[in-house]
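Residue numbering restarts at 1 for every chain, and letters A, B, ... go by the order of the sequence lines.
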Amino acid sequence: MARAVMAAALTLPAALSAQQSERIDDWWSPGQGTPLPERANYSNAGGMLGVFNQAGVLETKGHAFFEPLGSNGRACVSCHQPSDGMSISVATVQRRWQATAGRDPIFAEVDGANCPNQPRGEASSHSLLLERGLFRIGLPWPPRDANGAVIEPEYDLELVSDPVHCNSDSEYGITSATPTVSVYRRPRPVANFKYFAYPRGPGLGFNIKDGTPLDRDPETGYPSTMNIMADAREPTLKQQAINAGLGHLQTQGRLSEAQLKQITDFEAQVYVAQAYNEFAGSFETPSAPDSLGPVAVANGVPGLGDNLHNPVFGFYESWKREDFDGSADGADEFKASVARGSDVFFLRQFWLKDTTHINSIGLGNPLKRTCATCHNARMTGMDLAPGWVDLGTTNYPTWNGPRTFTEDSPLPVFKLTCKPGYKTHPYLGTVVYTHDPGRALISGRCVDIGAITMQQMRGLAARAPYFANGSAKSIAEIVDYYDRRFNIGYSEQERQDLINFLSVL
Amino acid sequence: MPMTMARTSLLVTAMLVGHFAVAEGERISFVACPVVRDTATVPCFLADNAGTTYYLGIQQDIGADWFPPQLNHKVLVEGYLSGDTVCGGLEIKPIATSVLPTVDPACNTILPAEPGIVAPHAERGAGPNGEVPGSAPRRAPPPPPEPPFAVKEFSLSFTFDDDGLIAREFGVLARAIEYAKVSKASAIDIVISRGSAKLSSGEVINEDPSAVMRRERLIRRWLAVAELPTATRVSIKPMGEPLPADGRTDENNRYIKLTITPEKR
């Protein structure tokens with residue numbers, strides 16, 4: 001019985017691959033000016049993604065999120081495509097490369113190339129974007145605080161290898177006139193923000209993980225949730241939009257207040273989630289689990305999930321089938337698999353070990369808990385506390401690629417050596433090799449080396465690859481990563497059930 | 001003393017966990033690798049010292065009064081023997097534990113669950129939270145301070161060599177800042193201690209001077225966002241020399257003390 005479910009689910013991506021390859025019409029070009037419907041579905045490997053504009057049909061003509069505002073022809077929508085869960089999949093990137101011979105604005109030299117110094121139009125110049133969906137994030141070195149003052153880093157940073165020739169570049173690199181550290185990251189989904197980027201009221205704002213003050217909204221002075229960016233460098237959606245305009249869009253100056261309001265208003269009301277599966281049908285029927293589909297996400301209540309009373313992703317009782325007699329059809333089997341996968345996510349215990357900002361914050365090392373311990377924010381599965389953690393995706397030894405920094409990697413490798421007198425990385429010690437120092441490039445702190453803000457888990461099927469560095473090509477690779485990282489030992493059925501569960505979120 | 005599966009008599013315990021008996025109420029202080037003992041529910045954290053196994057506590061949550069130690073790090077254990085045995089070790093209660101900062105890969109022992117070894121009841125277990133819906137119930141905030149105002153002291157405690165402010169201390173700092181604001185403090189005098197610990201072996205270990213520096217950096221970050229009255233004078237005195245260890249209350253000597261002097265009326 002379970003084997004049949006597994007087989008059915010495993011054939012799904014192949015069955016839909018032809019359909020997916022024809023998705024070119026889903027592409028949203030900057031300035032195309034067509035209305036964005038209140039509710040739209042887009043096909044993907046897991047079925048269909050639903051996009052819901054809670055404020056109703058959006059006229060995109062003249063709208064700052066959808067119009068090219070800078071010199072490179074990009075709009076926000078370029079890299080935050082509705083069809084791709086308001087991110088952009090590597091498959092879409094590759095299709096745009098083929099369709100435009102590399103002339104699409106997403107390949108702009110500023111960050112769509114491995115380095116701005118490389119010739120546009122040659123695939124090798126854009127290898128990280130084409131192969132992993134990674135955009136270059138150039139960050140000032142040493143770090144600066146919100147007022148532009150230098151933060152004295154707690155570590156020395158050396159470049160160990162530079163396969164894409166940017167950090168070593170005389171114009172764009174670490175020793176250039178404007179010293180810059182380039183790391184390469186996936187665009188995060190612009191949706192479902194009420195669950196993790198909500199405005200906090202007045203108050204001191206303690207980071208519950210270490211007792212430091214949360215960053216402030218520069219306009220209100222109120223603490224931020226610090227969960228928007230991979231490195232938490234932007235405290236609000238508005239600040240993100242200001243700097244994304246200057247950086248990614250190459251605007252001549254700061255976006256106007258009216259433009260910023262348009263962008264942040266749109267971002268605050270757009271919701272995405274998978275809405276349909278070939279076997280299970282629509283997720284938006286009365287008998288479907290109550291947290292599936294974008295409308296359910298829009299109508300949910302933010303907060304901390306509680307596994308038994310108010311689970312992060314709701315209840316799946318209506319899809320559970322304990323009495324299969326072998327005659328059940330594919331729909332029932334798939335639904336039952338998803339329901340079991342939900343139980344794996346919420347109930348299957350394992351040892352969480354050596355994870356900075358999880359084990360190191362007072363919970364103990366190891367911690368015997370479940371996926372939902374860290375993925376605790378309702379509807380999104382983010383960490384409601386500031387969610388940057390060193391999961392092991394960026395620091396060596398990695399569990400998702402070369403185990404040591406001496407092996408070939410398409411990404412740059414840095415050696416960070418903590419200076420005396422500072423707390424070191426809690427599990428890797430004084431010297432850490434990494435291809436993305438993560439939060440440490442903003443905070444300057446050794447304890448933050450390799451810490452990346454947890455990603456939301458909605459619309460996964462629409463936006464592969466996964467993790468900030470695009471190292472997991474599929475949902476299956478996400479599950480396998482965790483299995484390796486924490487030595488969980490999933491059974492084949494648990495693995496497939498969890499994959500199916502994640503594919504419907 | 002009631003007998004349960006988790007708690008047995010001291011006499012039996014001495015035979016089970018070590019080669020010498022220890023007395024209830026005896027002070028114990030040592031540095032060792034923590035050992036994790038799995039159970040049917042939450043894991044227990046133990047530590048072996050001089051041939052005796054001690055029970056430190058169980059896995060809890062971030063709002064708990066006690067935080068478990070960490071594998072890959074040694075732990076400083078300070079406290080008093082309760083006379084009970086829990087989870088296969090002599091219970092230390094009250095207890096203070098400090099995760100020592102140096103990474104030590106040798107500290108990496110997880111023992112499997114065994115019949116008869118039972119962890120104490122955990123309010124927050126290893127699985128779903130079945131007892132406390134949602135997050136931990138919020139305590140009602142204390143009433144705002146009211147005049148007449150007097151000189152008042154607030155103390156933030158830390159573990160050995162650490163500068164992390166744990167959740168239970170947030171309220172102390174919040175009340176101190178509020179008191180300074182409401183009383184229009186003329187002065188905040190801050191003392192940052194450097195602690196030490198006298199171990200049961202007689203050895204004394206001192207906090208690294210960098211712990212004082214890091215605590216100072218933490219309190220300065222808070223002062224920068226606290227929006228204190230502009231007339232408030234702030235002085236910060238980091239200790240250079242460690243406070244002497246007495247082997248009885250050393251865990252209380254790692255602190256930031258804020259003495260707030262209200263505006264003179």
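For A/Asn207, the part sitting under 4.5 Å from any heavy atom of chain B is the backbone (N, CA, C, O) and nothing else. Looking at A/Thr430, neither its backbone nor its side chain comes within 4.5 Å of chain B, counting heavy atoms on both sides. Residue B/Leu71 touches chain A through both its backbone and its side chain, counting heavy-atom pairs closer than 4.5 Å. For A/Asp210, the part sitting under 4.5 Å from any heavy atom of chain B is the backbone (N, CA, C, O) and nothing else. For A/Arg348, no part sits under 4.5 Å from any heavy atom of chain B, backbone or side chain. Heavy atoms closer than 4.5 Å to chain A are found in both the backbone and the side chain of B/Arg221. Heavy atoms closer than 4.5 Å to chain A are found nowhere in B/Asp104, neither backbone nor side chain.
Put simply, of B/Phe67, B/Phe170, B/Trp66, the one with the most heavy-atom pairs under 4.5 Å next to chain A is B/Phe170. For chain A, the option among B/Thr102, B/Val99, B/Asp163, B/Asp208 with the highest count of heavy-atom pairs below 4.5 Å is B/Asp163. Between chain A and the residues B/Glu227, B/Met213, B/Glu169, B/Glu178, the largest count of heavy-atom pairs under 4.5 Å involves B/Met213. Options B/Pro209, B/Ala211, B/Ala226, B/Pro69 differ in how many heavy-atom pairs under 4.5 Å they form with chain A, and the most are formed by B/Pro69.
Using a 4.0 Å cut-off between a side-chain N of Lys or Arg and a carboxylate O of Asp or Glu, A/Lys320 and A/Glu317 qualify as a salt bridge. Remark: A/Asp383 engages A/Lys209 in a salt bridge, criterion side-chain N to carboxylate O under 4.0 Å. Of the charged side-chain nitrogens involved, at least one lies within less than 4.0 Å of a carboxylate oxygen, so that A/Lys419 and A/Glu152 count as a salt-bridged pair. In this structure, A/Lys368 pairs ionically with B/Asp38, as a charged nitrogen and a carboxylate oxygen lie closer than 4.0 Å. A salt bridge between B/Asp161 and B/Arg254 is absent, with no side-chain N of the basic residue lying under 4.0 Å from a carboxylate O of the acidic one.
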